[in-house]
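Remember, it's 1-based here, ligands and their atoms both numbered in the order they're listed. Numbering starts at 1 and runs along the sequence shown. What you see below is based on every heavy atom in this structure, not just the backbone, and it leaves out hydrogens, waters and symmetry mates.
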Amino acid sequence: MKTAAPTGAPEPASTAARIDAWFHTTRFFTTCATLDQLPDGGVPEIAFVGRSNAGKSTCLNTLAQQRQLAFASKRPGRTQHINLFAVGKQGATDAYLADLPGYGYAAVGLADKRRWQQVMANYLVSRQALRGVVCLVDARLGITELDQALLDLLAPRVAAGLRFVVLLTKADKLTRAEQTKALSIARLQCAGGDAALFSSLKAVGVNPLRERIYDWCGRPLAPQAPLQAS
Ligand code: GDP
């Protein structure tokens, strides 16, 4: 005999649906030219870094399921800034996603490049609110010298508990065999972190990345038990 499902209380959403809904609340918060313009700590921050054209804006848009979101960071005057996006339901801010300037872009003058490398280095080394770093690299290029310099810079913080993942983006452009090879090389190069295949175009690795970030922000992955009436 079938037992009737309990009625009245709403079904708890699946973990994936809850996490999707949380990311969907992502909105532009502010753009900062210097570190002292960043909000005071207290809210967990996840930084997105990578060479220009690695697919960072597309990745942020995919996470949030919003087509234009991170192109806010590409507006004139903002490409060399830290752009913060707030995440949280009903206007609450549970976390910030920090879109750091893309590096390695040839058209930026040397003086600007140096200044920005310094701001980025200071941010990555000193930002207390930082919980995790997503480093995006084009899967066809792998971890380049510039990416490695950034990972080396992070190493002491990673040893102290900072989380990071190297995303091999545009994985759809590689064959299965090339993907496997790129992943094992990247895993060897990023000791202390992890590497994962990612494609915004083919939705490869999107949910695992959402879960990872959610977890890094201290959000509970398992559904919360409903409150018991006493
Ligand atoms: P950003 O400079 O790092 O923000 O890079 P963008 O997000 O602007 O992406 C750079 C280029 O890569 C654009 O032409 C995107 O359409 C393309 N791109 C981004 N993600 C993917 C992907 O998953 N697959 C493919 N094939 N192309 C992608």
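- Residue-level proximity to ligand 1 for Lys173 is carried by the side chain, the only part with a heavy atom below 4.0 angstrom.
- Closest protein heavy atom to atom 21 (C) of ligand 1: Lys170 CG, 3.6 Å.
- Judged purely by atom type and a 3.5 angstrom limit, Gln66 uses its side chain to pair as donor or acceptor with the backbone of His24.
- When ring centroids are compared, Phe29 and Phe85 stay outside the 6.0 Å threshold.
- Ligand 1 does not have Gly50 within reach: every non-hydrogen atom of the residue lies 4.0 Å or more from it.
- Judged by the shortest distance from any of its heavy atoms, Gly102 lies outside the 4.0 Å radius around the atoms of ligand 1.
- In terms of protein heavy-atom proximity, atom 22 (C) of ligand 1 is closest to Asp172 OD1, 3.5 Å.
- When hydrogens are left out, the protein atom nearest atom 13 (C) of ligand 1 is Asn53 OD1, 4.6 Å; that is the closest non-hydrogen contact.
- From the protein, the heavy atom lying nearest to atom 4 (O) of ligand 1 is Ser57 OG, 2.6 Å.
- For atom 16 (O) of ligand 1, no protein heavy-atom neighbour is present inside the 4.0 Å cut-off.
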Criterion salt bridge (Lys or Arg N to Asp or Glu O under 4.0 Å) on Asp147 and Arg51, from CA distance to verdict: CA-CA 8 Å; Asp147 304 310; Arg51 294 179 71 108; 5.4 Å; no
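- The protein heavy atom nearest to atom 23 (O) of ligand 1 is Ser200 N, 2.8 Å.
- Among all protein heavy atoms, the one lying closest to atom 5 (O) of ligand 1 is Gly55 N, 3.1 Å.
- Looking only at atom types and distance, the side chain of Asn207 has no donor-acceptor partner in the side chain of Glu211 under 3.5 Å away.
- The shortest N or O to N or O distance between Phe198 and ligand 1 is not under 3.5 Å.
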For a side chain to side chain contact (heavy atoms under 4.5 Å, CB included) check, start with the C-alpha distance between Ile82 and Leu35, then their side-chain angles and the critical distance, and finish with the verdict. CA-CA 8 Å; Ile82 294 173; Leu35 297 189; 3.9 Å; yes
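- The structure places NZ of Lys170 at 10.0 Å from CG of Leu136, a figure rounded to the nearest 0.5 Å.
- The number of heavy atoms from other shown groups lying within 6.0 Å of CZ (Arg114) does not exceed 12.
- Not a single donor-acceptor pair under 3.5 Å links the side chain of Gln189 to the backbone N or O of Gln148.
- The backbone N or O of Ala86 sits nowhere less than 3.5 Å from a side-chain atom of Thr93 that would complete a donor-acceptor pair.
- Within the listing of ligand 1, atoms 22 (C), 23 (O), 24 (N), 26 (N) sit less than 4.0 angstrom from a heavy atom of Leu201.
- Residue Thr58 approaches ligand 1 through these ligand atoms, each under 4.0 Å from one of its heavy atoms: 6 (P), 7 (O), 9 (O), 19 (C), 20 (N).
- Of the protein's heavy atoms, at least one falls inside 4.0 Å of atom 28 (C) of ligand 1.
- Looking at every heavy atom in both residues, Gly88 comes nearest to Trp22 through CA-NE1, 4.0 Å.
- Ranking the protein heavy atoms by distance from atom 8 (O) of ligand 1 puts Lys74 NZ, 2.6 Å first.
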